[in-house]
Amino acid sequence: MSMVDIKRHILDQLNQAVSSLGMEVPSLKLDQSRRPELGDFSSGVALSLTKEAKKPPIELAEAIRNCLDLKKEICSEITVSKPGFLNFRISPEYLKQQLEVIFNEGAEFGKIQLGKGKKAQVEFVSANPTGPLTVGHGRQAVLGDVVAQILEWHGYNVDREYYYNDAGRQMRLLGESVKARYLELLGVEIDFPEGGYEGEYIRDIAREIDEKEDGAITKKSGVSEFRKFAEKMIFSEIKRSLELLHIHFNHFVNEQRFYDDGSIDKVVKLLRQNHLAYDKDGAVWLKTTAFGKEEDTVLIKRTSEPTYRLPDIAYHRDKLSRGYDLIVDIFGADHIDTYPDVLSALNALGYETSSIHVLIHQFVSLIRDGQKVKMSTRKATFITLDELIEMLGADVVRYFFIMRSRQSHLNFDIGLAEMESDENPVYYLQYAHARICNILKHAKDTGIDSSDAADLSLIQEETELSLMKTLIRWPEVMTNVHESLEPQMIANYLQALATEFHRFYTEHRVVTENRELSSARLFLVSSVKTILASGLAVLGISQPEKM
RNA sequence: GCCCCGGUAGCUCAGCUGGAUAGAGCAACGGACUUCUAAUCCGUAGGCCACAGGUUCGAAUCCUGUCCGGGGUACCA
């Protein structure tokens, strides 16, 4: 019986008790108790029924308690406390039994395979190859990868997909910029293109072309030759950056595909048939007013170039056709206004879009010397992701980006990050893991090994019980994260677990002359290691054996 | 103007679908290593949870309004 089942057991009992008193509660819930000295879970049902019952809450709580028939081996104590809370204490027997489950199941502990046999797709980063990935992309990259990891943990078969467009205006500008720098290199006087890419990396690409000397590209080559070369180079840099963070995509989808296979035209045709697209002023408009917007928006420009909404609709139509059970789009806050149009259009065309989850993350503001740095790939006023990784290391960067909720604006102070890299909270988690590894090693050296014969009833210190209670919350944390897709919940949980462990470590010695107690504690401690390792693995952070 | 996020300790941020006395890290101060790793632990200090109303037994959390910051509202992506 897992923790989730326990809660259900208590809730069932509460429900029965309440209805046997002739009342009803629409939504009953059990909270993690804020007062551990009173119990592990608490319920405020009595408080919410006090009016209906016309009785003081304490009295009502007592009455409810008297109707409860909870299994002794699960809940050892039920108390009523001041305003009218019911408090439940998990029995030590149950904790010990769960500890054995953790020990036996290892990394599999808590997996109820919510995604077994299901296919999921996570689309993220999706930056066009116009320049190196920025810190902002980093947030998205890590967020997307961890979401994918969470889904995989739950048993989904996950595709990590990168969607890009190498045919637009921005890419043409990239080609022009590279060509300009190349000509500059050859000593040709030239005006740098208006709004072109000013970053130093453009010069690097030009230099690369110059040094190649295979004659494939010369000063007479067209812009598209330069563009293609630059794209190839930049893309391989992007992939390299992602690899530094241990992020691997297994699908790359080029927007061009939807032009080539006719699906763009098909979408326009469908939209027209459904009276959702019409001609005006030489452009084709999408009737977003039909979706509750104030104005219609342009779908195809007068230049006959589509705006990004059109291929996006085609792309999502394609995603839907691939039979995913779950589709996750990770977008920056700049997409906040556009994706509803895409979903609305798909809905209007008769597609079921409930499998699509759009996760919007807010931007990262870079702060340097107390000043906010405007990030622009074009102006090259950015800190690249590579620079950040070089400065802090992949583990720290990953942790930093998922420890905060995605809807909060992230202020990234470069100086502070560097200063704090030695004191980063991620080390706190890793240190706990390394400490345990060291204990296990020490135990082995000492000849105390066989934790399988451990007598777990010897574990009874307050800190130990508290540690166990935190341990068995892991499955529930992961179930909640499956719902919310908010990775920071994992980080918060691991922090709590590490804190409990470090305190335990300080207060109690694991390996002592008392062999019985030692093996019981080794049992406990290796369970902590198991969960820490699982959690760190989901976050894509390494689990060092020594530090 | 309208829409979406955010405003919590000096700083960066947690706070699960409303629960009891508001949390962590960093920074500050005071303690703890003859022991399995002090990258740790314990303690002190630090708060009108932006502001004003409302909903109710109960609000940082939900609703309304105001203020401040970010983003969108492009025939740029």
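Lettering follows sequence order; numbering is per chain, from 1. Note that the structure is a prediction, hence the values are computed from the model and not measured.
- Residues satisfying the ring-ring contact (aromatic ring centres under 6.0 Å, His included) criterion with F88(A), sequence neighbours excluded, are absent altogether.
- In this structure, H361(A) reaches neither bases nor backbone, as no heavy-atom distance under 4.0 Å exists between it and the strands shown.
- In terms of the side chain to side chain contact (heavy atoms under 4.5 Å, CB included) criterion, residue partners of K280(A) (sequence neighbours excluded) are, by chain and number, Y278(A), W285(A).
- Looking at H409(A), its side chain has no donor and acceptor atom pair within 3.5 Å of the base of G71(B).
- Partners of Y162(A) by ring-ring contact (aromatic ring centres under 6.0 Å, His included), not counting sequence neighbours, listed by chain and number: F235(A), F249(A), F252(A).
- If you check every strand for non-hydrogen atoms under 4.0 Å, S42(A) touches a base.
- For T506(A), there are no side chain to side chain contact (heavy atoms under 4.5 Å, CB included) partners two or more places apart in sequence or in a different chain.
- Within the nucleic acid shown, F363(A) comes within 4.0 Å of sugar-phosphate atoms alone, with no base atom in reach, counting heavy atoms only.
- Put simply, F85(A) rests on the base of A20(B): the two rings are less than 5.5 Å apart at their centres and nearly parallel, under 30°.
- Within 3.5 Å, a donor on the side chain of R35(A) pairs with an acceptor on the base of U21(B), or the reverse.
- Of the possible donor and acceptor atoms, none in the side chain of T446(A) sits under 3.5 Å from a partner among the backbone N and O of I448(A).
- Judged as a ring-ring contact (aromatic ring centres under 6.0 Å, His included), and not counting sequence neighbours, H316(A) has no contacts.
- Helical stems in RNA chain B, defined as runs of 3 or more consecutive Watson-Crick or G-U wobble pairs with both donor-acceptor distances under 3.5 Å, are listed by first residue as B:1-7 with B:67-73, B:10-13 with B:23-26, B:28-32 with B:40-44, B:50-54 with B:62-66.
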